[in-house]
Colleague: 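Shown below is the structure under consideration.
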There are 2 protein chains.
Amino acid sequence: MVRPKKRVAKSIRANRDAELTQRQILDAAEQEFARHGLKGARMSAIADRAQVTTATLHYYFETKENLYKAVLQRPVDQIQTTLGQLNLDGLSPEAALKQIIRIAITSEAENPQRQMLWFQEASQNQGGYFKECNVLSLHAHLLKVLEEGIAEGCFRPLKPFLALTHILSVCLFYFTVHENWKHLTPEVDRLSPDQIEEHTEAAIAFILAAVKRTAD
Amino acid sequence: MVRPKKRVAKSIRANRDAELTQRQILDAAEQEFARHGLKGARMSAIADRAQVTTATLHYYFETKENLYKAVLQRPVDQIQTTLGQLNLDGLSPEAALKQIIRIAITSEAENPQRQMLWFQEASQNQGGYFKECNVLSLHAHLLKVLEEGIAEGCFRPLKPFLALTHILSVCLFYFTVHENWKHLTPEVDRLSPDQIEEHTEAAIAFILAAVKRTAD
DNA sequence: TTACTTACTGATTAATTAGTCAGTTTACAA
DNA sequence: TTGTAAACTGACTAATTAATCAGTAAGTAA
């Protein structure tokens with residue numbers, strides 16, 4: 001005798017808003033993938049954080065890998081938007097550089113976990129998912145400013161690409177290591193607005209001093 | 001009727017050297033954990049790379065977590081040794097700083113994948129396994145040099161801890177992003193000795209210019 | 001009210017993965 | 001040669017995990 005299964009009624013998700021649900025899933029997935037990478041991330045952890053079941057994850061994104069790709073796509077789009085608003089025309093190389101430093105730090109501060117997403121992707125999957133999209137337009141702007149400044153003589157005769165690396169280092173490494181330094185000085189919240197402002201000012205002073213031609 | 005199992009004879013591992021085997025396992029595990037973190041790493045991948053079976057991994061290290069801890073311990077011991085040979089007495093702050101920059105870059109260049117090991121640990125496990133050990137003795141040296149230089153007036157009046165961060169950024173971020181920049185300029189091997197030497201020289205020039213008091 | 005579509009889930013399956021263990025091979029001492 | 005301990009493995013188990021799918025609740029239009 002086969003007893004038909006009786007399911008209990010569900011209340012669950014009040015919203016029933018496909019767009020909102022997907023955004024919640026992507027937010028949760030971004031956290032999880034940033035922490036654990038593609039392989040290390042757990043669909044169940046993402047589902048829990050997004051307050052849905054794993055079946056819902058598959059309903060919207062089919063596979064874990066698709067969800068991962070969707071997560072990677074978001075910051076790309078966002079950076080593209082940010083840079084669309086950027087206009088450096090008419091600024092001196094020095095002023096333009098200051099502007100770029102501020103933008104780099106600000107956009108990183110908004111999503112500090114994306115650092116790790118980016119590094120995980122490069123180290124685990126050889127950056128395959130990033131290959132085609134040019135996230136690197138900020139780099140292009142910076143490189144142009146550096147080359148102009150060197151040509152005009154207001155910057156030292158730097159090697160442009162190494163200088164680019166070192167400048168971005170100063171801006172971004174702060175966020176890369178902030179987790180590592182939590183256990184050094186647990187009382188300081190290095191992601192608080194005023195700590196980030198201090199970092200920004202110090203970074204500008206540091207970088208400007210490093211690249212500007214000294215009076216001779 | 002029970003047919004008793006006959007196992008075929010094995011040649012396999014010629015060496016049969018416990019110490020060597022363990023080192024091979026640790027090397028393989030360091031690569032795998034650096035790429036994928038604790039959760040994402042696969043015991044089978046480690047076993048394959050080390051040319052042993054997963055049973056051997058458990059024979060020597062019991063659990064995945066123990067193996068992970070053993071992997072983390074090695075760099076700690078190694079850095080401790082390196083710093084034991086360091087002597088900055090009698091050097092000017094500027095010369096001492098140059099020395100520290102060279103050491104930081106050199107030791108990072110020897111094991112560029114350890115960057116990720118370190119970051120993975122911080123982001124995945126809140127740096128729990130690192131808490132008790134003071135890997136940070138290089139930081140202590142650097143901080144001391146900076147404070148002396150500021151006090152003597154040969155460095156600008158920097159905030160010591162932010163300056164420390166920015167200096168280490170310039171030295172280390174190069175290795176953090178080198179995977180990300182492979183797909184930008186695939187033809188350049190940024191880990192080759194001469195590329196690293198270029199980075200070192202540029203980093204020294206950059207940092208010194210950034211911290212030194214300008215003639216006034 | 002009814003018919004239909006979309007959003008979402010519980011329960012289950014198939015595949016992967018850490019961990020176990022009895023047993024085999026090698027080195028070496030007596 | 002024999003005995004013994006250490007090094008190592010093949011074959012297995014238990015647990016975890018991604019993926020599936022039939023089915024249910026909610027919205028919507030006729």
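Here the structure is a predicted model, which is why all the values come from computation and not from measurement. Reminder, nothing fancy here: chain letters follow the sequence lines and each chain counts from 1.
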Colleague: Taking the minimum atom-to-atom distance to the side chain of A/His58, which one of D/dA19, D/dG10, C/dA18 wins?
Modeller: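 Output: D/dA19.
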
Colleague: Looking at B/Thr54, I'd like to know whether one of its side-chain N or O atoms comes within less than 4.0 Å of OP1 or OP2 on C/dG19.
Modeller: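 No.
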
Colleague: When the distance from CG of A/Leu38 to P of D/dT17 is rounded to whole Å, what number comes out?
Modeller: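 Computing the A/Leu38:CG to D/dT17:P distance gives 15 Å.
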
Colleague: Would you say a side-chain N or O of A/Thr53 is under 4.0 Å from OP1 or OP2 of C/dG10?
Modeller: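 For C/dG10, OP1/OP2 do not have a side-chain N/O of A/Thr53 under 4.0 Å.
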
Colleague: So what does B/Tyr60 touch, heavy atoms closer than 4.0 Å: a base, only the sugar-phosphate, or nothing?
Modeller: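 If one applies the 4.0 Å heavy-atom cut-off, B/Tyr60 turns out to touch the sugar-phosphate alone, with no base involved.
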
Colleague: Quick one: do B/Glu30 and B/Arg114 make a salt bridge, cutoff under 4.0 Å?
Modeller: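 Counted as a salt bridge, because a side-chain N and a carboxylate O are separated by less than 4.0 Å.
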
Colleague: A/Lys64 side chain to A/Lys39 main-chain N or O, any donor-acceptor pair under 3.5 Å?
Modeller: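 Answer holds: yes.
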
Colleague: Distance check needed: D/dT17 P versus A/Asp48 CG, whole Å only.
Modeller: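 Going from CG in A/Asp48 over to P in D/dT17 covers 11 Å.
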
Colleague: Without decimals, in angstroms, what is the distance between A/Lys64 NZ and C/dT17 P?
Modeller: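 After rounding, the gap between these two atoms is 9 Å.
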
Colleague: Nearest 0.5 Å please: distance from the CD1 atom of A/Ile100 over to the NE2 atom of A/His139.
Modeller: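 These two atoms lie 11.5 Å from each other.
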
Colleague: What's the CD-C1' distance between B/Glu32 and C/dA18, to the nearest Å?
Modeller: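 Distance check: B/Glu32 CD to C/dA18 C1' gives 14 Å.
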
Colleague: Evaluate the criterion side-chain hydrogen bond (donor to acceptor under 3.5 Å, both in side chains) for residue pair A/Gln24 and A/Gln51; output intermediate values, then yes/no.
Modeller: CA-CA 8 Å; A/Gln24 286 173 339; A/Gln51 311 243 53; over 6 Å; no

Colleague: Does the side chain of B/Lys182 come within less than 4.5 Å of B/Arg190's, by heavy atoms?
Modeller: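 Answer no - side chains too far apart.
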
Colleague: Could you tell me how far apart A/Asn66 (CG) and D/dA19 (C1') are, to the nearest whole angstrom?
Modeller: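 Nearest whole value for this atom pair: 13 Å.
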
Colleague: If you look at every strand shown and take non-hydrogen atoms under 4.0 Å, does B/Ala18 touch a base, only sugar-phosphate, or nothing?
Modeller: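 If one applies the 4.0 Å heavy-atom cut-off, B/Ala18 turns out to touch the sugar-phosphate alone, with no base involved.
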
Colleague: Students often get this wrong, so: under 4.0 angstrom with heavy atoms, is A/Ala45 touching a base, only sugar-phosphate, or nothing?
Modeller: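 Result for A/Ala45 = nothing.
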
Colleague: Rounded to the nearest Å, what distance is computed from the CG atom of residue A/Leu57 to the P atom of nucleotide C/dA7?
Modeller: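 Between P of C/dA7 and CG of A/Leu57: 15 Å.
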
Colleague: In whole Å, I'd like the distance from the CD atom of B/Gln51 to the C1' atom of D/dC8.
Modeller: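 After rounding, the reported distance stands at 14 Å.
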
Colleague: Quickly work out the A/Met43 CE to C/dT9 C1' distance and round it to whole Å.
Modeller: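 Value for this atom pair: 15 Å.
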
Colleague: Can you figure out which of C/dT6, C/dG19, D/dA19 approaches the side chain of A/Arg16 most closely?
Modeller: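 Of the options given, the side chain of A/Arg16 lies nearest C/dT6.
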
Colleague: Touch check for B/Ala47, heavy atoms < 4.0 angstrom, all strands: base, sugar-phosphate only, or nothing?
Modeller: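 Since no nucleic acid heavy atom lies under 4.0 Å of B/Ala47, the category is nothing.
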
Colleague: Are B/Tyr59 and D/dC8 close enough that a side-chain N or O sits under 4.0 Å from OP1 or OP2?
Modeller: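 False: B/Tyr59 side-chain N/O out of range (4.0 Å or more) of D/dC8 OP1/OP2.
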
Colleague: Whether the side chain of B/Arg42 and the base of C/dA18 hold a donor-acceptor pair under 3.5 Å is what I'd like checked.
Modeller: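 Donor-acceptor pair under 3.5 Å: no.
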
Colleague: Identify, between A/Glu19 and B/Glu62, the residue whose nearest nucleotide on DNA chain C lies closer to the 5' end.
Modeller: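 It is A/Glu19, whose closest nucleotide lies nearer the 5' terminus.
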
Colleague: Need to verify one output field. Residue with the more 5' nearest nucleotide on DNA chain D, A/Lys39 or A/Ala55?
Modeller: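 So the residue in question is A/Lys39.
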
